[in-house]
Novice: 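Quick one: this structure, given as structure tokens, is what I'll be asking you about.
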Amino acid sequence: QVTSKEGESQCKEKHVVLLSPVGKLEVSGCETGLHEIKLPKMSMLPSGAESSAACEVCEGAEEMTEPLKQCTAWLHAYFCEPARTASLPVPAFHHPLLRRDSFTRQVLWTLLRDVKFGEAVSYKQLAVLAGNGRAARAVGGAMRSNPIPIIIPCHRVICSSGQSGNYGGGNLMKEWLLSHEKLQKEKLA
């Protein structure tokens, strides 16, 4: 049994790859929870057949832990039937950043809890929600270090000017996610 410097035993990490409308999402996690979702870099917006692709597991299905199963179910719903995400459990997280008490963690949890599908929030508004209205720059840092994009919806955080702002998966990915949510929300309205 290998232990990390904090003296916790290392998790047995499993990986699964999902083929989604925005490309391949690499998800990793252990029995305890999710570690991260890696987004592909998009060089162009998907169109037609690609964008209507469902969200299916294409690698790693045989060794999925419970958190990975919940994550793939959640992502499938997000892309295919977004109204269902509200009733699905959010998988447990097991990334060190989300276990340590910090402003970053506070910001990410606030974002997950308070900014719903199809909504957007400015960096400053999110700083206020997380309890420190002067920390808009720190919110930007928290968004950059978000290990679980899409589920923790850092793509919903935009500049006060209405500009979309930067995004780890690239600005095309951010625009795609925001317009996907807007269209789906209008369909449901």
Novice: Would you check, one step at a time, whether the test side chain to side chain contact (heavy atoms under 4.5 Å, CB included) holds for K185 with E119?
Specialist: CA-CA 9 Å; K185 201 174 174 182; E119 293 175 1; 4.2 Å; yes

Novice: Is the side chain of K124 donor-acceptor paired with the backbone N or O of V121 at a distance under 3.5 Å, no angle test?
Specialist: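 Not a single qualifying donor-acceptor pair exists.
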
Novice: Using side-chain heavy atoms (C-beta onward) and a distance below 4.5 Å, is L34 in contact with L68?
Specialist: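 Yes. Closest side-chain heavy atoms under 4.5 Å.
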
Novice: Give a yes or no on whether N166 atom CG has more than 12 heavy-atom contacts from other residues, nucleotides or ligands under 6.0 Å away.
Specialist: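 No.
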
Novice: Identify the heavy atoms of I151 and P91 that sit nearest to each other, and give their distance.
Specialist: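 Heavy atoms only, the tightest pair is CD1-CG, 4.0 Å.
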
Novice: Just do the side chain to side chain contact (heavy atoms under 4.5 Å, CB included) check on K12 and T65 with the steps written out, would you?
Specialist: CA-CA 10 Å; K12 279 198 176 64; T65 62; over 6 Å; no

Novice: Which residue, W74, Y78, F79, forms the ring-ring contact (aromatic ring centres under 6.0 Å, His included) with F117?
Specialist: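 Only match with F117 under ring-ring contact (aromatic ring centres under 6.0 Å, His included): Y78.
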
Novice: Answer yes or no: does atom NZ of K182 have more than 12 heavy-atom neighbours from other residues, nucleotides or ligands under 6.0 Å?
Specialist: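 Not buried by this count: 12 neighbours or fewer within 6.0 Å.
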
Novice: Give the minimum heavy-atom separation between H35 and C30, together with the two atoms involved.
Specialist: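 Closest heavy-atom pair between H35 and C30: NE2-SG, 3.4 Å.
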
Novice: How long is the span from the NE2 atom in H95 to the OG1 atom in T32, to the nearest 0.5 Å?
Specialist: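 The OG1 atom of T32 is 14.0 Å from NE2 of H95, to the nearest 0.5 Å.
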
Novice: Hey, quick one: are V157 and V90 part of the same hydrophobic cluster, counting side-chain heavy atoms closer than 4.5 Å, chains of contacts allowed?
Specialist: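 Yes, V157 connects to V90 through the hydrophobic network.
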
Novice: Tell me whether R156 contacts the main-chain N or O of L178 through its side chain, where contact means a donor paired with an acceptor under 3.5 Å.
Specialist: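 No; judged by distance alone, with no hydrogens or angles, the pair does not exist.
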
Novice: Can the ring centroids of F93 and W109 be said to lie less than 6.0 angstrom from one another?
Specialist: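 Centroid distance F93-W109: below 6.0 Å, so yes.
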
Novice: Taking all atoms of both residues into account, what is the closest heavy-atom pair of C80 and C55, and its distance?
Specialist: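 Minimum heavy-atom separation between C80 and C55: SG-N, 3.9 Å.
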
Novice: With rounding to the nearest 0.5 Å, note down the distance linking NE2 in H94 to CD in E31.
Specialist: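 Reported to 0.5 Å precision, the distance equals 11.0 Å.
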
Novice: If hydrophobic clusters are built by linking Ile, Leu, Val, Met, Phe, Trp and Tyr wherever their side-chain heavy atoms come under 4.5 Å apart, do L112 and L177 end up in the same one?
Specialist: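 Yes, L112 connects to L177 through the hydrophobic network.
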
Novice: Hey, could you give me the CG/CG distance between L129 and D114, rounded to the nearest 0.5 Å?
Specialist: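 CG of D114 is found 5.5 Å from CG of L129.
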
Novice: Specify the closest pair of heavy atoms between H180 and P82, including all atoms of both residues, with the distance to one decimal.
Specialist: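 For H180 versus P82, the nearest heavy atoms are NE2-CG, 4.2 Å.
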
Novice: Using 0.5 Å steps for rounding, measure from the CG atom of N146 to the CD1 atom of I37.
Specialist: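 Here the interatomic distance stands at 8.5 Å.
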
Novice: Return the CD to NE2 distance between E81 and H76, rounded to the nearest 0.5 Å.
Specialist: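 With rounding to 0.5 Å, CD (E81) is 5.5 Å from NE2 (H76).
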
Novice: As a quick check of understanding, evaluate side chain to side chain contact (heavy atoms under 4.5 Å, CB included) for L39 and I150, giving each step before the final call.
Specialist: CA-CA 9 Å; L39 301 172; I150 303 181; 3.8 Å; yes

Novice: Are M173 and L18 joined in one hydrophobic group, where the rule is that I, L, V, M, F, W and Y side chains link up if heavy atoms are under 4.5 Å apart?
Specialist: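 In one cluster with M173: L18, yes.
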
Novice: Are V115 and L88 grouped together when hydrophobic residues (ILVMFWY) are joined by side-chain heavy atoms under 4.5 angstrom apart?
Specialist: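 In one cluster: yes.
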
Novice: Take a 6.0 Å sphere around CD of Q163 and say whether it holds more than 12 heavy atoms from other residues, nucleotides or ligands.
Specialist: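 Atom CD in Q163 is not crowded, with 12 or fewer foreign heavy atoms closer than 6.0 Å.
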
Novice: What's the spacing between K174 NZ and L172 CG if we round to 0.5 Å?
Specialist: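 K174 atom NZ to L172 atom CG measures 12.5 Å (nearest 0.5 Å).
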
Novice: If every non-hydrogen atom of Y123 is compared with every non-hydrogen atom of G165, which pair is closest and at what distance?
Specialist: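 The answer is OH-CA, 4.4 Å.
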
Novice: Spell out, yes or no, whether L108 and L75 are grouped together once hydrophobic residues are joined by side-chain heavy atoms under 4.5 Å, including indirect joins.
Specialist: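 Linked, L108 and L75 end up in one cluster.
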
Novice: Could you pull out the closest heavy-atom pair between I158 and A120, with the gap in Å?
Specialist: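 In terms of heavy atoms, the two residues are closest at CD1-CB, 4.0 Å.
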
